[in-house]
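Below: the structure, in structure tokens.
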Amino acid sequence: MSNKQRNLLTSVLFLAFGVFFLIQAKGVPHKIESDVGSGYVPAFIAILFIIVAAAKLIITLTRKDPYDDVVEKSDDSLVGGVVTIAIMFVYMMAFEPVGFVLSSIIFLFALMNWFANSENRNIPIFAIISIIMPIAVDALFVFVIKMPLPKGIIGF
């Protein structure tokens with residue numbers, strides 16, 4: 001697949017994803033009438049997806065780049081994409097029963113290890129980031145937003 005074809009495909013897919021995400025966000029019910037609603041942030045993110053994907057599509061269709069017709073023969077990006085989707089699927093399935101904090105720690109650690117090459121792999125740093133970030137996000141949701149995330153089997 002050439003670079004131009006890849007850019008066209010990803011632009012169209014992200015555009016479709018943004019539209020789908022926006023439709024789903026609009027269906028989120030308001031709990032408080034004066035509130036902007038639970039669907040506000042997802043709708044905002046979906047609109048950003050649509051804008052960026054449309055801009056990328058326009059740029060891909062209008063620009064003339066000598067590298068557009070280059071066809072890469074490597075399957076590394078395909079394998080990386082499939083493994084990333086598999087890790088995300090496991091994370092999604094574990095989110096409710098295992099809980100946000102524990103499943104996010106495992107998810108972040110797995111992704112960082114998968115994408116780091118042997119020279120940049122730093123297990124202690126990855127472990128620290130994987131532990132601190134989910135705990136910080138959980139604290140933000142519990143103490144600031146007042147909307148706890150799933151606790152799971154361990155209870156935190």
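Side-chain atoms are counted along with the backbone in the values below, which use heavy atoms only and exclude waters and symmetry mates.
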CG on Leu22 to CZ on Phe49, rounded to 0.5 Å = 12.0 Å
Would you name the heavy atoms of Thr62 and Ile58 that are closest together and state the gap between them?
-> OG1-O, 2.8 Å
Spell out, yes or no, whether Ile85 and Phe17 are grouped together once hydrophobic residues are joined by side-chain heavy atoms under 4.5 Å, including indirect joins.
-> no
Give, for atom CG of Leu140 and atom CE of Met147, the distance between the pair rounded to the nearest 0.5 Å.
-> 10.0 Å
Does the side chain of Ile45 reach to within under 4.5 Å of the side chain of Phe21, using non-hydrogen atoms?
-> yes
Non-hydrogen atoms of Leu15 and Ala54 that approach each other most closely | CD1-N, 4.1 Å
When rounded to the nearest 0.5 angstrom, what distance separates CG in Leu111 from CE in Met88?
-> 7.0 Å
Return the orientation label for the Phe126 and Phe109 ring planes: parallel under 30°, perpendicular over 60°, tilted otherwise.
-> perpendicular
Atom CE of Met92: over 12 foreign heavy atoms under 6.0 Å | yes
Heavy-atom pair of closest approach, residues Leu61 and Lys4 = O-NZ, 4.3 Å
Between Asn7 and Lys56, is any pair of side-chain heavy atoms under 4.5 Å apart?
-> yes
Please round to the nearest 0.5 Å and tell me the distance separating atom CD1 of Ile123 and atom CD1 of Ile128.
-> 11.5 Å
Cluster check Val98, Val90: I/L/V/M/F/W/Y, side chain < 4.5 angstrom | no
Can you check whether Lys151 reaches Val142 side chain to side chain, under 4.5 Å on heavy atoms?
-> yes
Heavy atoms of Asn113 and Arg121 approach each other most closely as O-NH2, 2.6 Å
hydrophobic_cluster_shared for Phe20 and Ile51, side chain cutoff 4.5 Å = no
When rounded to the nearest 0.5 Å, the distance separating CG of Leu108 from CD1 of Ile132 is 12.0 Å
Does Ile50 share a hydrophobic cluster with Leu9, counting links as ILVMFWY side-chain heavy atoms below 4.5 Å and allowing steps through other members?
-> no
In terms of the angle between their ring planes, are Phe95 and Tyr91 parallel, tilted or perpendicular, with boundaries placed at 30° and 60°?
-> perpendicular
Answer with yes or no whether the hydrophobic clustering places Ile47 together with Phe14; edges join I, L, V, M, F, W, Y residues whose side-chain heavy atoms lie under 4.5 Å apart.
-> no
Search all heavy atoms of Phe100 against all heavy atoms of Asp138 and return the closest pair with its distance.
-> CE2-N, 4.0 Å
Inter-residue atom distance Ile131.CD1 - Ser104.OG, 0.5 Å rounding = 12.5 Å
Do you know which two heavy atoms are closest between Ser11 and Ala53, and how far apart they sit?
-> O-CB, 3.6 Å
